[in-house]
Protein chains: 2
Amino acid sequence: MARIPFRQQVLQAREDAIISSVNRLLALKGFDSITVDEVAADVGIAKASLYKHFKSKEELAGAAMIRVLERALALIDTLKQDPKIPAIEQLRSVARWTMQVQLAGEMPSLPAQNSTLRSTLMNSAAYMDRLMAVSDKLGAWITEAQSAGQVDPALAPEVVLYTLFARACDPVLSLLKAGGQHSDEHIIDMLLSTCFNGLSGAPGEPRKGAR
Amino acid sequence: MARIPFRQQVLQAREDAIISSVNRLLALKGFDSITVDEVAADVGIAKASLYKHFKSKEELAGAAMIRVLERALALIDTLKQDPKIPAIEQLRSVARWTMQVQLAGEMPSLPAQNSTLRSTLMNSAAYMDRLMAVSDKLGAWITEAQSAGQVDPALAPEVVLYTLFARACDPVLSLLKAGGQHSDEHIIDMLLSTCFNGLSGAPGEPRKGAR
DNA sequence: GTCTATAGCCAGATAGAC
DNA sequence: GTCTATCTGGCTATAGAC
């Protein structure tokens with residue numbers, strides 16, 4: 001571990017820069033709309049050099065997804081350090097974080113239908129491992145919250161999990177952001193409310209504040 | 001109006017067939033993944049013939065969107081015939097319908113980010129008129145439901161409107177459908193519940209039945 | 001309006017020198 | 001590993017005969 005450091009570090013830094021560019025462009029334009037030339041130009045290297053690091057456009061997107069999943073895992077582990085917080089609040093914190101990432105233009109958005117991309121991701125152990133790690137950890141909170149009656153026990157757990165994932169790339173947020181009528185905080189408050197309390201709103205609950 | 005009928009009818013029927021194919025393929029694979037060749041093959045005509053009816057791939061997608069918006073308008077007008085039904089129930093009926101259309105594989109899904117498609121649609125009066133008609137009619141119900149306290153008055157009306165639109169193409173539904181664990185009716189019931197009552201569920205409300 | 005054939009373009013991926 | 005230059009395939013759109 002003591003040797004090989006410098007050149008490797010440079011490479012690692014370059015890969016980080018690549019992933020950052022891909023991540024941002026993916027959030028901005030989506031997988032189908034970006035081109036590899038564009039990514040290369042954004043990073044400031046030649047396209048052929050990109051292909052030395054990642055062997056396809058799909059792998060580039062996969063790397064961005066892996067990174068965001070790792071950020072999510074880091075957040076979850078941080079949240080777990082306070083075991084007194086009710087599961088529902090942990091889930092709400094995760095949802096709030098995904099919305100903040102979206103607003104920051106850092107949430108890569110992939111088309112659900114692109115089949116070559118899908119199969120690349122499903123065949124990537126690095127991706128699947130992290131996806132399952134996130135799912136398991138959220139799944140535990142979901143079960144706990146349902147037992148405590150904080151999340152509707154009539155909902156199948158997958159429904160809750162998929163809904164949380166889906167709200168992490170919900171087009172409603174970008175529409176509201178583009179509308180420019182509300183502050184970022186207000187947008188997040190309203191979307192968290194629709195997510196957890198529904199359009200009808202929860203009669204007994206305070207809607208404001210409660211960071 | 002009495003003349004010109006037959007040949008025109010044949011053309012109209014062909015255009016309907018084209019739109020049906022586009023609509024189905026759009027629901028199945030999404031705009032970016034389908035090719036005009038594929039549409040032509042599905043309809044059973046040559047690609048060049050398609051371009052006699054619609055002058056671009058974007059216009060094809062626009063025609064499909066116009067048709068689904070017209071179906072929505074027809075539904076809304078039908079629902080309006082019973083003025084005794086509370087606004088919230090009207091909105092729920094519309095949401096239920098969009099989910100049924102999704103499950104039937106008839107909800108075209110367009111990428112939110114494709115800019116050439118976006119500008120084609122925004123420049124199409126036929127599309128924009130219908131989109132605004134739907135928005136206005138739903139908007140009236142939303143305002144009414146908020147006044148009656150059936151929809152959370154703290155939510156900006158656009159949030160409610162956008163959320164309903166977004167639930168019409170929510171990936172959660174196709175994920176659950178692909179999972180194969182639940183009946184179509186059950187999926188719709190759960191998603192309507194998460195949409196209107198949130199993940200937490202509404203304490204006072206019955207969740208089952210109520211078609 | 002319908003077809004076959006093709007133009008024209010663009011983007012993903014690679015060759016080969018350094 | 002990085003670059004420039006190029007290949008290759010596929011896709012939108014059109015030409016031109018019927």
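In what follows, chains are A, B, ... by sequence order, proteins preceding strands, each numbered from 1.
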Euclidean distance, atom CD of residue A/Glu59 to atom P of C/dG12 [Å, nearest integer]: 15 Å
Please check: side-chain N/O of A/Glu144 versus main-chain N/O of A/Gly139, any donor-acceptor pairing under 3.5 Å? no
Let me have the donor-acceptor pairs involving side chains of residues 60-79 of chain B, under 3.5 Å, with sequence neighbours excluded, atom names and distances please.
from	atom 1	to	atom 2	distance (Å)
B/Arg67	NH2	B/Ser20	OG	2.6
B/Glu70	OE2	B/Arg130	NE	2.6
B/Glu70	OE2	B/Arg130	NH2	2.8
B/Arg71	NH1	B/Glu106	OE1	3.2
B/Arg71	NH2	B/Glu106	OE1	3.3
B/Asp77	OD1	B/Lys137	NZ	3.4
B/Thr78	OG1	B/Ala74	O	3.0

Where chain B begins and ends its contact with DNA chain D, read 5' to 3' at 4.0 Å from heavy atoms: D/dC11 to D/dA15
Contacts of A/Asp184 meeting side-chain hydrogen bond (donor to acceptor under 3.5 Å, both in side chains) (sequence neighbours excluded), chain-then-number -> A/Lys177
In residues 12-20 of chain A, what residues come within less than 4.0 Å of DNA chain D, judged by heavy atoms? A/Arg14
Do B/Leu121 and B/Leu110 have side chains that approach each other closer than 4.5 Å (heavy atoms only, starting at C-beta)? yes
A/Glu58 CD to C/dA11 C1', in whole Å, measures 12 Å
Tell me what A/Lys52 touches on the nucleic acid: a base, only sugar-phosphate, or nothing, going by heavy atoms under 4.0 Å. base
In chain order, what residues pass the side-chain hydrogen bond (donor to acceptor under 3.5 Å, both in side chains) check against B/Asp136, with sequence neighbours excluded? none
Okay, side chain of A/Lys57, backbone of A/Ile34: is any donor-acceptor separation there less than 3.5 Å? yes
Please report, rounded to the nearest Å, how far the C1' atom of C/dA11 is from the CG atom of A/Leu50. 14 Å
Main chain of B/Ile45, side chain of B/Ser49: is a donor-acceptor contact present, judged purely on distance under 3.5 Å? no
Run the side-chain hydrogen bond (donor to acceptor under 3.5 Å, both in side chains) test on A/Gln150 and B/Ser200 for me, step by step, so that the C-alpha distance in whole Å, both residues' side-chain angles and the decisive distance to 0.1 Å come before the verdict. CA-CA 6 Å; A/Gln150 300 155 348; B/Ser200 302; over 6 Å; no
For DNA chain D, which residues in residues 21-47 of chain A have a heavy atom at a distance below 4.0 Å? A/Ile45, A/Ala46
Nearest heavy-atom neighbours spanning B/Phe31 and B/Glu58: CZ-OE2, 3.8 Å
Quick one: do A/Asp170 and B/Arg167 make a salt bridge, cutoff under 4.0 Å? yes
